[in-house]
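No hydrogens, no waters, no symmetry mates; every other heavy atom, side chains included, goes into these values. Note on naming: letters A, B, ... go to the chains in the order of the sequence lines (proteins, then strands), and numbering restarts at 1 for each one. Source: prediction; values computed, not measured.
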Number of protein chains: 2
Amino acid sequence: MVKKKNTKGSAKKEIIKNSAAKLFKEKGYSAASMRELASSVGVEAASLYNHINSKSELLHTICYNVAERFISNIDEVEKQEEKAIVKLERLLRFHISEMLDHYEEVYVSDREWRQLDEPYLDEYRELRRDYRKRFSAIIQLGIDEKEFKEIDSNTAVMIFLNAMGAIDQWHRIVHKIERLALEDNFITLLLEGIKK
Amino acid sequence: MVKKKNTKGSAKKEIIKNSAAKLFKEKGYSAASMRELASSVGVEAASLYNHINSKSELLHTICYNVAERFISNIDEVEKQEEKAIVKLERLLRFHISEMLDHYEEVYVSDREWRQLDEPYLDEYRELRRDYRKRFSAIIQLGIDEKEFKEIDSNTAVMIFLNAMGAIDQWHRIVHKIERLALEDNFITLLLEGIKK
DNA sequence: CCTACCGATCGGTAGG
DNA sequence: CCTACCGATCGGTAGG
């Protein structure tokens, strides 16, 4: 009895979280109302609060879930003894597959994190900065080892990270090109540009 | 007397528009309130309406001003009889200089245009689609002429356009690198990747 | 899970 | 340009 209740409860929570990601993606966090979210889930607004605590908690969950996956991936990449080009390719391929598999969440975390409340806003800003720094260090390594051109590593990181947003359109045009072909287009365009 | 009033009036309007762009950029259009905007301009909220008609009009003005400049630039680029690589470089350099010279406006137009009201929302979506199509045609030309690698031209456009958002950081870190160096970093990374 | 409702805040107007 | 105020809508709660 208790078990059944819990299972049912967290399944509903999952549905709410996914609907929220979709809604926040389409309208933006601030413009999306809890009443819209409720109606997309099929209940009244008040009923949402049996499963979640607040609107801001939903955004928090989305943003931190995404951050956790990216951080644990770069942890692994750093550990491996590989050339910079291999590390860079792993970072990019991971990012692409995250965009393909958790599209709405990654999109929302990237564009709506500024709507987080303090102290999470500051903390999240720090997490992002930290990720960029570590990404930048990998590129700098490639420059020092003469694998890469002598570009500004911070600029390169930002170009790479922003370019990932391009996967947005892939979803909109309903998979006109294959997933693997898409990935290869990205790798070609972005990796060939940095190679010496 | 009339002339003075008009001059003064539109100067104030300009101040409001610029403050709005900055505010919309920092908090997002929906999360930004007219009371905040008023206080950043130094008046009460009600006083704003002596110079503007509505909040949505501000967003509309910002978005359409930017669109107009981008469209008239691609008009010119298309007219010129040049190789695809030259055309592409012009598109990118124009985009970079727009990001540097009209930072907040371009940023807002790119990330907040979804908050436009109908019928402008639909129209703006169409303008963006049209720009991407024309951009894509230029890249396809380069592929057909064997100047570029055989990548998917639509994907390439999205990568280029999204990559431009990277200039965001340049403003935040207060010009750690020179404007020209920044531009060259972009061109190197993005153009070298597509060249055959 | 719903009905009923709360205080706060929103964009915007009236009137001076 | 301000004070005073509007109806609408927001996130969220009480109580069943």
Legend entry - is_close_aromatic(B:Tyr64, B:Tyr124), centroid dist under 6.0 Å: yes
Legend entry - Sub-6.0 Å ring centroid separation between B:Phe94 and B:Phe70: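 Yes.
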Looking only at the side chain of [X] (C-beta and beyond, no hydrogens), which of the listed nucleotides [options] gets closest?
| X | options | answer |
| --- | --- | --- |
| A:His51 | D:dC2, D:dG11, C:dC1 | C:dC1 |
| B:Glu44 | C:dG12, D:dT3, D:dA14 | D:dT3 |
| B:Ala46 | D:dG11, D:dA4, C:dC10 | D:dA4 |
| A:Tyr49 | D:dG11, C:dG11, C:dG12 | D:dG11 |

Legend entry - Nearest heavy-atom neighbours spanning A:Arg134 and A:Ile71: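 Scanning both residues, the minimum pair turns out to be NH1-CG2, 4.1 Å.
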Inset, instruction - Please report the shortest heavy-atom distance between B:Glu78 and B:Lys87, naming the atom on each side. - result: O-NZ, 3.4 Å
Distance test, side-chain N/O of [X] to OP1/OP2 of [N], below 4.0 Å:
| X | N | answer |
| --- | --- | --- |
| B:Lys55 | C:dC10 | no |
| B:Ser47 | D:dC2 | yes |
| A:Ser33 | D:dC10 | yes |

Contact class for [X] vs. all strands (heavy atom < 4.0 Å): base, sugar-phosphate, or nothing?
| X | value |
| --- | --- |
| B:Ser54 | sugar-phosphate |
| B:Ala32 | sugar-phosphate |
| A:Ala31 | nothing |

Between [atom2] of [N] and [atom1] of [X], the distance in whole Å:
| X | N | atom1 | atom2 | result |
| --- | --- | --- | --- | --- |
| B:Glu36 | C:dC10 | CD | P | 7 Å |
| B:Lys13 | D:dC1 | NZ | P | 14 Å |
| B:Ile16 | D:dC1 | CD1 | C1' | 11 Å |
| A:Gln115 | D:dG11 | CD | P | 13 Å |
| A:Leu59 | D:dG11 | CG | C1' | 15 Å |
| B:Met34 | D:dC10 | CE | C1' | 18 Å |

Legend entry - Counterpart base for D:dG16, defined by Watson-Crick or G-U wobble contacts under 3.5 Å: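 Result: C:dC1.
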Inset, instruction - Determine whether B:Leu88 and B:Phe135 make a side-chain contact, defined as any pair of heavy atoms from C-beta on separated by less than 4.5 Å. - result: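 Yes, close enough: below the 4.5 Å cut-off.
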Legend entry - Closest-nucleotide ordering on DNA chain C, the 5'-leading residue of A:Arg35 and A:Asn50: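 Mapping each residue to its closest nucleotide by heavy atoms, the 5'-most match is A:Asn50.
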Legend entry - Upstream residue (5' side of DNA chain C) when A:Val41 and B:Asn53 are each assigned their closest nucleotide: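 The residue mapped nearer the 5' terminus is A:Val41.
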